[in-house]
2 protein chains.
Amino acid sequence: MPGTGSDQAEASSTRDRILDVALDLFVERGFDGTSLRQIAEPLGMTKAALYYHFESKEAILMALHMRLHEFGRVLLATVGDEPVTLETWGKLLSELMDQMMAQRKIFLLHERNQAAFERVHNKSHQQEHEDFETWFRTTLADSSLSVHDRVRMAGAFGVVFTALFLSGDAFSSATPDELRDELHGAVDDLLRNEPATGATLDHS
Amino acid sequence: MPGTGSDQAEASSTRDRILDVALDLFVERGFDGTSLRQIAEPLGMTKAALYYHFESKEAILMALHMRLHEFGRVLLATVGDEPVTLETWGKLLSELMDQMMAQRKIFLLHERNQAAFERVHNKSHQQEHEDFETWFRTTLADSSLSVHDRVRMAGAFGVVFTALFLSGDAFSSATPDELRDELHGAVDDLLRNEPATGATLDHS
DNA sequence: GTCTATATTTCGATAGAC
DNA sequence: GTCTATCGAAATATAGAC
């Protein structure tokens, strides 16, 4: 909350406009490849002015991280404490897919700046926060699930992630609805418990 | 080719040892988060010595990039000029999967340093090289293929990529053979031409 | 081939005026 | 809230001795 702003109804705070520009640049050139001057310039200010709104460059990155963190918090709440199965995983992915399509840039930010996030994460003693990414990887490593099921779970996520983020704009010609339906179909194929046709597969 | 080395049979050249250390650090901390001093120190030399073997820090990154580029060149050759179908895509992925498991670090390097690669790639006027990544994305964007097929192709790649690179060490307990078999199964499920309804599956 | 300097640049961050 | 000016640190890269 930067001070005693007078415009109650201004469309977006300066703080938010800084974050929007930073998000674009961090996705495009990377966190380390972006200088504060490059963030300030399109906003018509100098880099010194940024320090009125953020105490450091890393604070800008962490503020953007919070946007993802909030999605994860909500998502974890919808899962509740149901045991993880191929079916519940499908429901989770369905929710996640919508979030990813709506907040594309935030996910791209994290995909393209893993090293920077890890560095800042360690510096700041911010351990002990129930992170969605942590839960995700912990679940995939849960040895009480079969390797078969876990590969399917990771793979189903990978289908969505790759189509949306690693394929460039390969699917920009498809409508969002068409893409979402195709992704659902692919995810369902992966998570469907194989019917025992001909041979019995045992994946307890 | 650094000069007139006297040890013909030395296990690895200094140049290669520099690249090996740099690869580890670039994967762990990122290209921008790694200084030349951090590369030189574990090798028992000073950063100035690195300039005898490489003309710049970016040259080290590009030398590592060449390792991936060579894989891609070989891979593209195996594809030949066959038209891309779900079946040929499966064969390609099978080859690619083996390469990925054998050369894990090189792929991790590219996954975690996309911004740095793009920056260096643009600076160096190295356009005009038949890049595997370029071919990959171009193929996925080929509008002569149906969206359905292209989503399946991107997704099948995503299954492999995610299990091997985005899941941390979630599958480190599984044997490489077990993991490879499971990935093949998942890929086949995605690329199998859907039978009309309960009809015959044709994967010749 | 590797070293000890050092040049040069850029960046994050601060001080203080307005 | 934003500016000008500057500090201090760290990085890439070079020069020249050995």
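Chain letters run A, B, ... following the sequence lines, proteins first and then strands; every chain starts at 1. Just the heavy atoms: all of them, side chains too, but no hydrogens, waters or symmetry mates, feed the values below. All values derive from a computational prediction rather than experimental measurement.
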Atom-to-atom span, [atom1] of [X] to [atom2] of [N] - whole angstrom:
X       : N      : atom1 : atom2 : value
B:Ile60 : D:dT12 : CD1   : P     : 9 Å
A:Arg17 : D:dG1  : CZ    : C1'   : 12 Å
B:Tyr51 : D:dA11 : OH    : P     : 12 Å
B:Ile18 : C:dG1  : CD1   : P     : 10 Å
A:Leu50 : C:dC11 : CG    : P     : 14 Å
A:Glu55 : D:dG1  : CD    : C1'   : 18 Å
A:Lys57 : C:dG12 : NZ    : C1'   : 8 Å

query = Does atom CD of A:Glu87 have more than 12 heavy-atom neighbours from other groups under 6.0 Å away?
reply = no
query = When you look at CZ of B:Arg29, are more than 12 heavy atoms from neighbouring residues, nucleotides or ligands closer to it than 6.0 Å?
reply = no
Basic-acidic side-chain contact under 4.0 Å: [X], [Y]:
X        : Y        : answer
A:Glu118 : B:Arg112 : yes
B:Asp142 : B:Arg150 : no
B:Glu41  : B:Arg37  : yes

Measure all distances between protein nitrogen or oxygen atoms and nitrogen or oxygen atoms of nucleotides 16-18 of chain C, and list the pairs falling under 3.5 Å.
none

message = For a quick test of reading the model, state the closest non-hydrogen atom pair linking A:Leu36 to A:Leu50 and the distance between them.
response = O-CD1, 3.5 Å
ask   = Among residues 23-48 of chain B, which contact DNA chain C at a heavy-atom distance under 4.0 Å?
value = B:Gly44, B:Met45, B:Thr46, B:Ala48
key: A:Phe31 six-ring face occupied by A:Lys57 cation (under 6.0 Å, within 45°)   = yes
request  = Tell me, please, which residues at least two apart from B:Ser146 pass side chain to side chain contact (heavy atoms under 4.5 Å, CB included).
outcome  = B:His148, B:Asp149
inquiry  = Whether the A:Thr175 and A:Asp177 side chains hold a donor-acceptor pair (N or O, under 3.5 Å, no angle test) is what I'd like checked.
reply    = no
key: B:His53, nearest nucleotide to its side chain (from C:dG1, D:dA13, C:dC3)   = C:dG1
